[in-house]
Protein chains: 2
Amino acid sequence: MASTSSLTLSQALLARAISSNGSPQSSDHRVSLSTPSFSGLKLTTLRSSASCRALPTRPNRRLRVRAAAVETVGTAADTSLVEKSINTIRFLAVDSVEKANSGHPGLPMGCAPMGHILYDEVMRYNPKNPYWFNRDRFVLSAGHGCMLQYALLHLAGYESVQEDDLKNFRQWQSRTPGHPENFETPGVEVTTGPLGQGIANAVGLALAEKHLAARFNKPDNEIIDHYTYCILGDGCQMEGVANEACSLAGHWGLGKLIAFYDDNHISIDGDTEIAFTENVDERFKGLGWHVIWVKNGNTGYDEIRAAIKEAKAVKDKPTLIKVTTTIGFGSPNKANSYSVHGSALGAKEVDATRENLAWPHEPFHVPEDVKEHWSHHIQQGASLEAEWNAKFADYEKKYKEEAAELKSIITGELPTGWEKALPTYTPENPADATRNLSQQNLNALAKVLPGFLGGSADLASSNMTLLKMFGNFQKDTPEERNLRFGVREHGMGAICNGIAHHSPGLIPYCATFFVFTDYMRAAIRISALSQAGVIYVMTHDSIGLGEDGPTHQPIEHLASFRAMPNVLMLRPADGNETAGAYKAAILNRNTPSILALSRQKLPQLPGTSIEGVEKGGYIISDNSSGNKPDVILIGTGSELEIAAKAADELRKAGKAVRVVSFVSWELFDKQSDAYKESVLPAAVSARVSIEAGTTFGWERIVGSKGKAIGIDQFGASAPAGRLYKEFGLTPEAVVAAANELC
Amino acid sequence: MASTSSLTLSQALLARAISSNGSPQSSDHRVSLSTPSFSGLKLTTLRSSASCRALPTRPNRRLRVRAAAVETVGTAADTSLVEKSINTIRFLAVDSVEKANSGHPGLPMGCAPMGHILYDEVMRYNPKNPYWFNRDRFVLSAGHGCMLQYALLHLAGYESVQEDDLKNFRQWQSRTPGHPENFETPGVEVTTGPLGQGIANAVGLALAEKHLAARFNKPDNEIIDHYTYCILGDGCQMEGVANEACSLAGHWGLGKLIAFYDDNHISIDGDTEIAFTENVDERFKGLGWHVIWVKNGNTGYDEIRAAIKEAKAVKDKPTLIKVTTTIGFGSPNKANSYSVHGSALGAKEVDATRENLAWPHEPFHVPEDVKEHWSHHIQQGASLEAEWNAKFADYEKKYKEEAAELKSIITGELPTGWEKALPTYTPENPADATRNLSQQNLNALAKVLPGFLGGSADLASSNMTLLKMFGNFQKDTPEERNLRFGVREHGMGAICNGIAHHSPGLIPYCATFFVFTDYMRAAIRISALSQAGVIYVMTHDSIGLGEDGPTHQPIEHLASFRAMPNVLMLRPADGNETAGAYKAAILNRNTPSILALSRQKLPQLPGTSIEGVEKGGYIISDNSSGNKPDVILIGTGSELEIAAKAADELRKAGKAVRVVSFVSWELFDKQSDAYKESVLPAAVSARVSIEAGTTFGWERIVGSKGKAIGIDQFGASAPAGRLYKEFGLTPEAVVAAANELC
């Protein structure tokens, strides 16, 4: 209400930058760049090997005044200081790798110029609060080059990377691990290293910004307004996941995603000529990106600046800035070769590089003027955040409801009583597939969780994942919450990791057939490692899918995720358990959850409950006393019904039978020993498990004397009922196994 | 020596085709097509929805004489018969899906024209010998449309698909499962269904042809000379694995790979507009492909023929023929919608489609003239094979040595005594990483196995996979055997599946870090299911890789593959075991093998042997008697050394200790009960296992009373030695655990 200005935050920042720097452009000093439709991309790529020994401080460059080609923030440095700063970055990387005798100096040496320009001139962040909500996001997709990012965080004043941290690069319990890990180093947004993941994460971060901006920005208050920057290398470019995610970024028109392609022509096996001769520019144009080529990424600072300016001007497409660089720039004998990619330079070559770049300083030294220059980011970051906080205060006054929603997305605090939205069922409710029951939960949750959004890899109508009250997130309707990923499972998972890491209150879900987790396993593992609470809605979870046959029937998948650290693998048996699975998934914000759901109808079983699911394993029926059943039957998901039927038979024959639903091994594992003993008493070794998947791992539950019924071979194409019979997943088989044991 | 003709087989076939068909081209009837440099691809894609109800037998088409636009083989049909045949294909698909009440009628209805032209006019095959070596290969990458292929195999006279098989579509033990499976249906080359795999398999098939042709063809005898055809859909196009493989196909210049892109604009979630708006043509041109657009794939038979002709004329690039079709063509109410993609039409719509396409026949009916026409393929196929056999006989006379090599590749018979090439070691040999020992094996095997070839996903110098006596397989050096896959793990695996399925004697290996099996798991699963004996050389197999940190350190991977059916998971401990692992891998031609290999040096242990590895688990040292050790220590790979050290300590303290190497669970599982008892006697419950990976699954081996030492969390970035200590993988830990148990 009290807002007196109609300037957006970004406009205000620009105005401030101009006033402190003079003209935002000194066009007479800019390297000429083609127009946005840029036609020079099909030329043979410029090879810059000849320039790899160039001294970075040529006199004619020293005299230049930096051209503030982009919306700069804060105080800019003159060119000689820029070069000094860039060499500081290079040598912090070289020295850290050298001290560790392990690491990747090549990328930081080549990418130092773009890194400097991004962190010193372009990006808006607050070093003292790495989690400031409206910060620009940066992703180093080529994660092996992490010393670039650590050096930049160090110069920028992040407390997470101090000189000692650089000296402890790649050591036990350091904050500077061998690849960037968000959970170790504040200032690192996501976890990269496995190639291609980072650019896909960046797509997710940019999607989140576009979505939140569309939902919350007002004509007089653009409260959400940041860019997502990414550096990716040749390796990332070759990975299919990157193509998947970039195809979606183009489709969605993520104009505030700006990716720098470090085009250095070297990968581990040598020149990229041996395996990578495609025309990347043409491919990206085909994917709907704006493409710019910076031919001299080593010393063409103004080229880089102009490219960023051009990229920002293109608002309806993501931009790929291909920056041709020399890997290991400055190293006289190793630059432009694979030998500088992933090994320390060695003392001799470090000396030679120091001489070549006229760098007389001790290892880890940051020259005073460089330090002094970068120091302004502390104050500047504080101002940026303070300004934004004021803006948010204004927003809160005028748009109370939206502000409350946004706040819960920013903080991750779940709305009070959200869990009351979860549906419950009684045995009188009709049988239904858990994929359908899942949809009831998804739609219930979307009503109460403002940060809940997601979708399927082209199987929405099979996975049952559409949110009925929302439309599709698309280029022109980014405020909607149904994401349409196309048949791109891997990209989907990695994009969801980016969404999850954008804001604590964004809760992305994504869906495909359970067997196709094989396509996205690398992304799921990053969810687990980087503590992203993505919800994986995986339907068609067994041979119960029937006719599609063994290519579509998961067998080993439950076991394979139970074996993966920090994953909640949930296999609910009916409506109550599906609701319980979602409750667990929502509550575990630092752990991804995988819900294995049935295609086929299942009855609402007596004894199931949300509370039971929260314990991972629990008794759904029991006619024994004194915690001494004759036999314990254990089932999960669609086979819990079979266990229950078998129990009925056995009880008719006079047995004392306990039926346990084992919906999540991980949740059960967290319970007290007393609780575990109350469900699976050590004295009862007569245990039979049944699950339509591999028996691998079930010995842990049924013990050496128990019996696990499952499928230790591939499935087959036939109607589901026939398959259950042929593969021996029947009440009769459970009864027979139980009778053998007790 | 006795060869009297310098005509190649393909030339001879062409000549024969011309003589039976008249002119190979009736250019006045050809639909005009652009020149090879074709510039019309950036136009908005023609949407053919308006034509979806078109009657396929328009009078003006009926009068046309078929234009023999391509190198046809055998007797061609006139257009009315062509259309009848195409409708036969459509209705065989419709009727089979209807009877099964399950399946995907849409693709076969839309792709029937290109299917007919391929199988009736273009492809060279012998229905009575689906394994004839020089056949053209066909891959239905959009495997859900398998009824297209079954209908074609049926018409062509393959014994695997008779009328009863069509009527048993998707039923228990039928030869017509829900997706194409090479192990169920002779005539199907590979196993598809999971999208994107097939086109990558096709790249492997085409690579194999190019490689073998370069090695074995002679100026006077081109003994290897076939094409690889593939149909892929929008779903395949979205998958990253397809982009990876197609980038390589362009790089390698696989000119005899011709892929048909069924551009029907419909995927499961509806119009591809919602998630797939990239310019596919531009992307493929960027990938180095020749691209042709057939605008009318529904009735433009001559367009299709002309496109194939053009594709064959382009010899240095693979060709993508984008064929715009209408999914479910002919169905008046469901064509061009997602509802026809994956469900039976329903009786009413089947009737309407019959009426619409003027098809009065009973279900499964093949009109006599269609039957009669297709029947010539039996004779023609026999002739093709006989001619080729004669050619091979000539070849054998002139090029005895090459013929013997080629024969072993064709038959898969391993050369006598090949296993003598495997190196063996004694404890006196220096410690070495198993990745290095692996390289000695790879190079030894390449000398004795003519079909052995492979490479790494840009980690050749880390995985140690280069064959030193060979150069790189490249566009201009296809006779070489080092494959350079770039950073494309998923594409690599799927391409290797194609290579393995090309010829029984081709033995492809491929390599990356073990953790990155996550990127290629879908391809590995297809290896296992489709019985492709690919060898996966997976180095850096634990936290022993050190500083690269948890993104690079496998934890759950050993367990995840032990849980997968039909996989040999091997983790050798030293040189002898590495040789043994390769021996097992080579011998198991219908099972993929995964070798987990260390980055770090390991000693050559006393007691290891190739023969031991063949049993999966075996005793390497034992000071007990009467098969009653006090404790059994079980290790794999790099931890076997730790188990051995712990045994030394325990023995010093007077214990009777057995040390078992458990290199492959699957091989151990195949041994007799007596053998198993001799290694792991049931009476000895004091068992300690140690493995630098998850303990998940180890209860099966150590039993309820044993103790599994491992890592059930993610790793960390630090030097390897430190990690082993911090994570408790030490002899001391094993000794302590053993002392608790005995």
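Chain naming here is simple, since letters A, B, ... match the order of the sequence lines and numbering starts at 1 in each. Only heavy atoms go into these numbers, but all of them, side chains included; no hydrogens, no water, no symmetry mates.
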Answer with side chain, backbone, both or neither: which region of [X] has an atom nearer than 4.5 Å to a non-hydrogen atom of chain A?
X	result
B:A523	neither
B:Q474	side chain
B:T277	both
B:F561	neither
B:P180	neither
B:L466	neither
B:T191	side chain

Could you check which of [options] has the highest count of heavy-atom pairs closer than 4.5 Å to chain A?
options	answer
B:D518, B:D269, B:I524	B:D269
B:D458, B:I268, B:L723	B:D458
B:A528, B:G693, B:G703	B:A528
B:Q173, B:Q171, B:Q237	B:Q171
B:E278, B:R722, B:H179, B:H104	B:H179
B:P565, B:A718, B:G240	B:P565

Inset, instruction - For the pair A:R283 and B:N243, evaluate side-chain contact (heavy atoms from CB on, under 4.5 Å) and give the outcome as yes or no after the intermediate values. - result: CA-CA 10 Å; A:R283 176 161 62 87; B:N243 192 72; 3.9 Å; yes

Legend entry - Heavy-atom side-chain contact between B:E184 and A:S717 under 4.5 Å: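 No; the side chains remain at least 4.5 Å from each other.
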
Counting distance only, does the side-chain N/O of [X] pair as donor-acceptor with the main-chain N or O of [Y] below 3.5 Å?
X	Y	answer
B:E244	A:E239	no
B:H251	A:I274	yes
B:R484	A:F276	no
A:S704	B:S704	yes

Per-residue contact mode, [X] against chain B (heavy atom under 4.5 angstrom):
X	result
A:F513	neither
A:L248	side chain
A:E181	side chain
A:S102	side chain
A:L558	neither
A:V515	side chain
A:A242	neither

Of all heavy-atom pairs between [X] and [Y], which one has the smallest distance, and what is that distance?
X	Y	result
A:T551	B:L529	CG2-CD2, 3.6 Å
B:R700	A:T695	NH2-OG1, 3.1 Å
A:D548	B:R170	OD1-NH2, 2.7 Å

Please determine, among [options], the option with the most heavy-atom pairs under 4.5 Å with chain B.
options	value
A:N472, A:L459, A:N566	A:L459
A:A563, A:S560, A:G178	A:A563
A:S685, A:G235, A:A457, A:S456	A:G235
A:K705, A:H557, A:K475	A:H557
A:G486, A:A460, A:A716, A:G288	A:A460
A:G193, A:S267, A:G549	A:S267

Inset, instruction - Given salt bridge (charged side-chain N to carboxylate O under 4.0 Å, His left out), test A:R525 with B:E556 step by step and report yes or no. - result: CA-CA 10 Å; A:R525 191 176 205 259; B:E556 68 279 17; 2.8 Å; yes

Legend entry - Working for side-chain contact (heavy atoms from CB on, under 4.5 Å), residues B:T694 and A:M564: CA-CA 8 Å; B:T694 180; A:M564 188 182 279; over 6 Å; no

Legend entry - Residues which pass ring pair (Phe, Tyr, Trp, His ring centres under 6.0 Å) with A:Y519, listed by chain and number, not counting sequence neighbours: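 Per chain and number, A:Y519 pairs via ring pair (Phe, Tyr, Trp, His ring centres under 6.0 Å) with A:F516, B:H490.
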
Legend entry - From CZ (B:R521) to CZ (A:R521), nearest 0.5 Å: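 Separation between the atoms: 4.5 Å.
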
Legend entry - Residue list, side chain to side chain donor-acceptor pair (under 3.5 Å) with A:T512, at least two apart or on another chain: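 By the side chain to side chain donor-acceptor pair (under 3.5 Å) rule, A:T512 matches no residue at all.
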
Inset, instruction - Give a yes or no on whether B:Y338 atom OH has more than 12 heavy-atom contacts from other residues, nucleotides or ligands under 6.0 Å away. - result: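 It does not: B:Y338 OH has 12 such atoms or fewer within range.
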
Inset, instruction - Please work out whether the ring planes of B:F696 and A:F696 are parallel, tilted or perpendicular, with thresholds of 30° and 60°. - result: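 Tilted, since the angle between the ring planes falls between 30° and 60°.
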
